[in-house]
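The chains referred to below are lettered A, B, ... by the order of the sequence lines, with proteins before strands, and numbering in each begins at 1. Fair warning: this is a prediction, and the values are worked out from it, not measured in the lab.
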2 protein chains.
Amino acid sequence: MKILHHPDREEIHLSSVLYALSDPLRLHLVATLYKEGERACGDIEVPVVKSTLSHHARTLRESGVIYVRAQGTQRILSVRTEDLNARFPGLLESVLHAYEISGDTSEIFSCADMKK
Amino acid sequence: MKILHHPDREEIHLSSVLYALSDPLRLHLVATLYKEGERACGDIEVPVVKSTLSHHARTLRESGVIYVRAQGTQRILSVRTEDLNARFPGLLESVLHAYEISGDTSEIFSCADMKK
DNA sequence: TCTGTTGTTCGAATGTATTCGAACAATAGA
DNA sequence: TCTATTGTTCGAATACATTCGAACAACAGA
């Protein structure tokens, strides 16, 4: 099993975190993990194929937002809540709260922005 | 003078705001405006030419992060603090606080990530 | 009206993101 | 060992971002 790189707490950069969270699908992913706890990739309902989901999970992992561990053939994803709160106090909470009240929580499942 | 479009408060989207703030130069810009109040483009020290600055200001304006008004030949930029706080309570403050304590505040002036 | 200042827009060059399907790898379980 | 499950990596297609310089537009002030 190949080792998955996770940045150390001090190596987590604000710009990278904001960028990682700026994609609606990734934000949905993080909100789901935050609310419902750790999850395997396959157990999260997203409107993309698995290779795309894997790509987004990688972006989130490399930015320091999520932790990924192997369990059999599965990859268990979880939010690095403690690390993020230590590095950027209040940030995660305010972003996810903003997400909940924003009304954009179903955005990724809509057809409004489909290709013409 | 051409009118500059600003999204209404309700039209401000979290993903767009996070994306706008995920660029180190734009984040520096917003932090400066937030700390020191409104500013003309030319009065902000940034390591890019004016056309690039104009592009970033546009990105911030269209995402709803800043307000731009004309004053003579100048464009006065300011953070839409009230609108952002109303739409996403605590978000702006936690992002800018995170920025201040992150140690990345001089990132955009460094040569570490110059082209090889 | 002429000139300098301040920004915007355009075009081009370069780089990066997003998405998919196909091929691959690792593991669990029969 | 064989097979099905789960996810990663690769290659290709497409789209978008970033940056610069040049040309342009709007305005202030002489």
J.: B:Arg75 has a side chain; which of C:dG7, D:dA26, D:dC20 sits nearest to it?
T.: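 Minimum distance to the B:Arg75 side chain belongs to C:dG7.
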J.: What's the closest nucleotide to the side chain of A:Thr73 if the choices are C:dT5, C:dT27, C:dG21?
T.: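 The answer is C:dT27.
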J.: Judged by modelled atom types alone, do B:Ser94 and A:Ser94 share a side-chain donor-acceptor pair under 3.5 Å?
T.: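 Checked: B:Ser94/A:Ser94 side chains pair up, N/O donor to acceptor below 3.5 Å.
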J.: Closer than 4.0 Å, any side-chain N/O of B:Arg58 to the OP1 or OP2 of C:dG7?
T.: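 Checking B:Arg58 against C:dG7: no side-chain N or O falls below 4.0 Å of OP1 or OP2.
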J.: Reading DNA chain C from 5' onward, which residue's closest nucleotide shows up sooner: A:Asp23 or B:Arg61?
T.: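 Here B:Arg61 is the residue nearer the 5' end.
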J.: Would you say A:Ser63's side chain and A:Thr59's backbone share a donor-acceptor pair under 3.5 angstrom?
T.: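 Side chain of A:Ser63 to backbone of A:Thr59: a pair is present.
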J.: Looking only at the side chain of B:Cys41 (C-beta and beyond, no hydrogens), which of the listed nucleotides C:dG7, D:dT5, C:dA22 gets closest?
T.: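 The nucleotide sitting nearest to the side chain is C:dG7.
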J.: About how many Å separate OG1 of B:Thr32 and NE2 of B:His28, when rounded to the nearest 0.5 Å?
T.: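 It comes to 4.0 Å.
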J.: Starting at atom NE2 of A:His28, determine the distance to atom C1' of C:dT18, rounded to an integer number of angstrom.
T.: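 Between C1' of C:dT18 and NE2 of A:His28: 18 Å.
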J.: For the pair made of NE2 in A:His55 and C1' in D:dA15, what is the distance, rounded to whole Å?
T.: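 Rounding to the nearest Å, NE2 of A:His55 and C1' of D:dA15 are 13 Å apart.
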J.: Rounded to whole angstroms, how far apart are CD on B:Gln71 and P on D:dA26?
T.: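 In whole Å, D:dA26 P lies 19 Å from B:Gln71 CD.
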J.: Roughly how many Å is it from CD1 in B:Ile3 to P in C:dT9, rounded to a whole number?
T.: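 Computing the B:Ile3:CD1 to C:dT9:P distance gives 12 Å.
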J.: Quick one: is A:Arg26 getting a side-chain N or O under 4.0 Å of the C:dT18 phosphate, OP1 or OP2?
T.: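 Result: yes.
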J.: I need the CG-P distance between B:Leu60 and C:dG7, as an integer number of Å.
T.: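 Answer to the nearest Å: 15 Å.
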J.: Could you tell me whether the phosphate oxygens of D:dT18, OP1 or OP2, come under 4.0 Å of any side-chain nitrogen or oxygen in B:Tyr19?
T.: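 Looking at the OP1 and OP2 atoms of D:dT18, one of them is under 4.0 Å from a side-chain N or O of B:Tyr19.
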J.: Examine distances only and state if a side-chain atom of A:Arg26 and a backbone atom of A:Ala20 form a donor-acceptor pair shorter than 3.5 Å.
T.: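 At least one qualifying donor-acceptor pair exists.
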J.: Checking the side chain of B:Asp23 only, and the main-chain atoms of B:Leu25 only, is there a donor and an acceptor separated by less than 3.5 Å?
T.: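 Flag set: sc B:Asp23 to bb B:Leu25 pair under 3.5 Å.
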J.: Is there a donor on the side chain of B:Ser54 or the base of C:dG7 sitting less than 3.5 Å from an acceptor on the other?
T.: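 Looking at the base of C:dG7, it does not pair with any donor or acceptor on the side chain of B:Ser54 (distance under 3.5 Å).
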J.: By the 4.0 Å heavy-atom rule, please label A:Ala57 as base, sugar-phosphate, or nothing.
T.: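 Answer is nothing: A:Ala57 stays at 4.0 Å or more from every strand.
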J.: Report the distance from atom CD1 of B:Ile76 to atom P of C:dT5, rounded to the nearest whole Å.
T.: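 That distance rounds to 18 Å.
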J.: Looking for any heavy atom pair under 4.0 Å, which part of the strands does B:His56 touch: base, sugar-phosphate only, or nothing?
T.: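 Answer is sugar-phosphate: B:His56 comes under 4.0 Å of backbone atoms only.
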J.: Whole angstroms only, please: what is the CD-C1' distance between A:Glu62 and D:dT9?
T.: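 Taking CD of A:Glu62 and C1' of D:dT9, I get 13 Å after rounding.
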J.: Side chain of B:Thr52, heavy atoms from C-beta onward: which of C:dT6, C:dA22, D:dT19 has the nearest atom to it?
T.: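 Comparing C:dT6, C:dA22, D:dT19 against the side chain of B:Thr52, the answer is D:dT19.
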J.: On DNA chain C, does the nearest nucleotide to A:Lys50 precede the nearest nucleotide to A:Leu25 from the 5' side, or the other way round? Give the residue.
T.: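 It is A:Leu25, whose closest nucleotide lies nearer the 5' terminus.
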J.: Starting from P on D:dG7, measure out to CG on A:Asp43 and report it in whole angstrom.
T.: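 Nearest whole value for this atom pair: 7 Å.
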